Amino acid sequence: MADKIVVHDFNLYYGENQALKDIELNIEEKKVTALIGPSGCGKSTFLRSINRMNDLIPGVRTTGSIKIDGKNVYSEEQDLVLLRKHVGMVFQQPNPFPLSIYDNIAYGPRIHGIKDRKKLDEIVERTLTQANLWDEVKDRLHSSALGLSGGQQQRLVIARVLAVQPDVILMDEPASALDPISTERLEELIIQLKEEYTIVIVTHNMQQAARVSDMTAFFLNGEIIEYSETNRLFTNPSDSRTEDYISGRFG
Amino acid sequence: MAQPLSNETVESKPSLSEELRKPLPKILQTERRGRILTFVSSWVLIVILFSLLIFITSKGIAPFIKGEVSFSNFFSTTWNPSANAYGSLSFILGSLIVSVCAALVSAPLGIGAAIFMTEIAPNWGRKILQPTTEILVGIPSVVYGFVGLTVIVPFIREQFGGLGFGLLAGVIVLSIMILPTIVSISVDTFQSIPRHIREGSYALGATRWQTISRLLIRTSLPGLMTGVVLGMARAFGEALAVQMVIGNSTNLPFDLFTPISTLTSIITLNMGNTVQGSTYNSVLWSMALILLIMTLLFIVLIRWMTKRRDQLQ
């Protein structure tokens with residue numbers, strides 16, 4: 001399998017604090033890669049480095065490179081708009097815009113210049129179907145997205161991401177605010193989406209990592225301790241700290 | 001023998017639960033005193049408001065009921081009290097037009113400043129603009145009028161000819177006066193939008209300007225409109241500063257450079273010069289009633305808009 005994202009010698013500092021240390025990671029195309037680790041270990045920070053959302057935080061400094069399809073996203077020529085179009089992001093809290101369901105999905109395509117109503121209709125239907133939400137909302141596309149349940153909102157947000165046609169989707173603890181049934185539906189959706197997309201998911205839930213991911217990276221104190229196939233990492237970890245973490249001895 | 005003894009001790013020293021159920025009389029007293037105090041103050045407020053409403057309404061409709069002035073007379077444009085012509089329409093229109101124009105000037109400026117303070121330069125933008133708007137609120141209206149009279153009126157006279165007094169001078173003075181209202185309410189509205197909404201937009205590849213213009217302004221429109229209407233209400237009720245620069249003529253307010261009048265300027269100018277109980281004096285009360293009704297309408301409008309905003313969020 002080809003490597004979609006190649007991270008080399010990546011460091012990130014919040015002011016004086018070093019949050020990520022010498023990260024080396026190859027993320028494969030059309031696989032689900034899970035990032036696990038205790039709170040504050042840098043996994044979310046790393047995820048937000050991939051689409052450069054950390055740029056919004058003042059005082060953040062980085063060294064090293066994150067290459068997507070061979071192009072360093074931290075190079076000076078990198079167009080942030082293009083980067084974020086190719087690398088979608090789903091957040092911990094479902095964050096639908098206070099607009100209608102239709103306008104939520106159409107928001108992305110519209111900012112990237114699609115105005116044709118028919119084309120937008122087609123995108124809305126296709127992405128909502130992809131996100132397993134179409135049947136639930138097709139009769140109320142023009143009512144507020146805030147009226148949806150948490151699980152529906154999170155799938156709506158995923159559909160909104162799909163609408164700008166990314167190849168990578170970053171998910172930052174996407175199920176942590178959801179109930180068990182919504183979580184299950186979301187996990188089904190993630191497995192379904194990896195047919196077409198490269199997915200990187202941060203999760204606190206180790207069962208979830210085991211269920212949905214192909215590869216798992218274990219973060220601790222800003223470093224990657226271990227990175228291997230999910231099966232191997234959970235059944236036969238090579239580092240004792242990984243073993244301690246996955247068996248629940250800390251974190 | 002042991003039984004009555006223990007009973008006696010219970011009576012003299014009640015258990016904690018009884019103590020909690022029956023607070024000490026002293027506590028009850030302060031409790032009651034506090035309740036009476038707040039009760040009285042809220043009723044004083046209500047009584048004052050309603051007596052004002054009743055007083056102004058009865059004074060305002062009196063000339064119509066007594067038949068001194070007819071509706072068609074009052075809502076005409078001929079103002080000549082000595083000939084019993086009390087047409088106030090040009091003043092009503094004057095008030096409306098000057099406040100609407102001031103709001104139209106102030107709204108883009110105020111909302112723009114609010115966007116700058118919250119979205120573009122939250123740190124130093126706030127540090128400078130926050131105290132600026134607070135000081136603008138604190139300047140008394142007579143000072144605004146005085147500045148208008150010595151700076152804006154001569155400026156208009158030199159640039160455009162005419163007297164300098166008039167609609168334009170009023171609009172300029174009022175738009176500066178209502179700017180802080182619009183800025184502070186717009187800032188509050190933008191700040192109430194959660195951070196993750198903005199992040200969602202940026203993560204889709206939106207630029208800052210796209211996020212502002214397509215998402216933030218759109219979602220906060222009811223709140224922004226509330227600020228504009230509140231500013232308009234303030235402009236509508238402002239008397240002193242307007243009266244100093246508006247020119248105080250009975251012309252219709254359809255020309256930027258002609259001196260006109262507003263309801264407030266007519267009332268302030270004439271209330272001291274008319275005889276209590278005369279028709280002229282009563283008609284001024286009718287104008288006050290119109291002001292009151294318009295203000296109530298503004299408040300209803302604002303309430304309705306904030307309710308809609310809360311439903312959306």
Side-chain angles (χ1 to χ4, degrees), chain A residues 47-48 50-59 79-100 103-113 127 143-147 153-154 156-166 168-172 177, chain B residues 111 114-129 185-227 304-313:
Chain A
L47 192 78
R48 297 167 67 95
I50 300 175
N51 66 344
R52 289 185 57 179
M53 283 303 277
N54 284 331
D55 288 17
L56 297 175
I57 303 166
D79 179 349
L80 274 186
V81 169
L82 264 176
L83 170 67
R84 290 173 184 160
K85 191 170 178 290
H86 287 299
V87 185
M89 186 164 212
V90 177
F91 296 83
Q92 185 173 355
Q93 275 297 324
N95 61 347
F97 303 140
L99 307 171
S100 72
D103 286 340
N104 261 276
I105 308 287
Y107 184 82
R110 277 180 182 146
I111 59 173
H112 296 297
T127 55
S143 54
S144 170
L146 301 184
Q153 289 188 356
Q154 202 60 304
L156 175 75
V157 171
I158 292 175
R160 188 174 74 190
V161 167
L162 298 178
V164 295
Q165 297 183 301
V168 180
I169 302 176
L170 310 174
M171 298 186 175
D172 191 357
Chain B
I111 294 171
I115 289 172
F116 185 79
M117 283 161 78
T118 56
E119 308 300 322
I120 292 170
N123 286 324
W124 69 268
R126 283 222 86 161
K127 235 172 256 165
I128 295 173
L129 280 165
I185 290 184
S186 306
V187 165
D188 289 347
T189 313
F190 284 123
Q191 277 179 338
S192 71
I193 302 173
R195 198 180 61 131
H196 63 247
I197 295 284
R198 292 179 177 82
E199 284 193 329
S201 172
Y202 289 126
L204 286 170
T207 60
R208 185 156 65 183
W209 184 246
Q210 283 172 328
T211 304
I212 292 168
S213 62
R214 301 193 185 201
L215 186 63
L216 301 183
I217 292 185
R218 199 166 152 197
T219 50
S220 48
L221 209 55
L224 300 179
M225 287 313 293
T226 305
W304 179 74
M305 285 195 298
T306 33
K307 213 165 138 192
R308 256 195 67 205
R309 178 186 62 185
D310 294 343
Q311 278 167 355
L312 273 172
Q313 279 176 1

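All values below come from the heavy atoms of this structure, side chains included, with hydrogens, waters and symmetry mates left out. Residue numbers begin at 1 in each chain, while the letters A, B, ... track the order of the sequences. None of these values were measured; they are calculated from a predicted model.
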With only heavy atoms counted, which part of A:Val157 is less than 4.5 Å from chain B, the side chain, the backbone, both or neither? neither

Can you confirm whether A:Asp55 sits close enough to A:Leu80 that some side-chain heavy atom of one is under 4.5 Å from a side-chain heavy atom of the other? yes

Closest heavy-atom pair, A:Pro109 versus A:Ile105, reported as atoms and distance to 0.1 Å, is CD-O, 3.1 Å

Contact class of A:Pro58 relative to chain B, heavy atoms under 4.5 angstrom: neither

For B:Ser220 against B:Thr189, the heavy-atom pair lying closest together: CB-CG2, 3.3 Å

Side chain from CB out, backbone as N, CA, C, O: work out which of these in A:His86 comes under 4.5 Å of a heavy atom of chain B, or both, or neither. neither

Using non-hydrogen atoms only, which part of A:Tyr107 is less than 4.5 Å away from chain B: side chain, backbone, both, or neither? side chain

For B:Arg198, all residues meeting side-chain hydrogen bond (donor to acceptor under 3.5 Å, both in side chains), sequence neighbours excluded: B:Glu119

Would you please go through residues 205-212 of chain B and name the residues with a non-hydrogen atom below 4.5 Å from one of chain A, in numerical order? B:Gly205, B:Ala206, B:Thr207, B:Gln210, B:Thr211

On a heavy-atom basis, which atom in B:Leu215 and which in B:Ile197 lie closest, and how many Å separate them? CD2-CG2, 3.6 Å

Please examine the side chains of A:Arg48 and A:Leu170, heavy atoms only from C-beta on, and report whether any two atoms are closer than 4.5 Å. no

If you define the side chain from C-beta out and look only at heavy atoms, does anything of B:Leu224 sit under 4.5 Å from B:Ser186? yes

If I measure from the heavy atoms of chain B, does A:Asp79 come under 4.5 Å with its side chain, its backbone, both, or neither? neither

Under 4.5 Å between any side-chain heavy atoms of A:Asp103 and A:Arg110, yes or no? yes

Indicate yes or no for a side-chain donor-acceptor contact from A:Asn104 to the backbone of A:Phe97 under 3.5 Å, with no hydrogens or angles considered. yes

Top contributor to chain B interface from A:Met53, A:Met89, A:Arg160 [non-hydrogen pairs under 4.5 Å]: A:Met53

Student check: side-chain heavy atoms of B:Ile217 and B:Ile115 closer than 4.5 Å: yes

Among the listed options B:Arg218, B:Glu199, B:His196, the residue most often paired with chain A at heavy-atom distances under 4.5 Å: B:Glu199

Could you tell me which portion of A:Arg52 (side chain, backbone, both or neither) has an atom closer than 4.5 angstrom to a non-hydrogen atom of chain B? neither

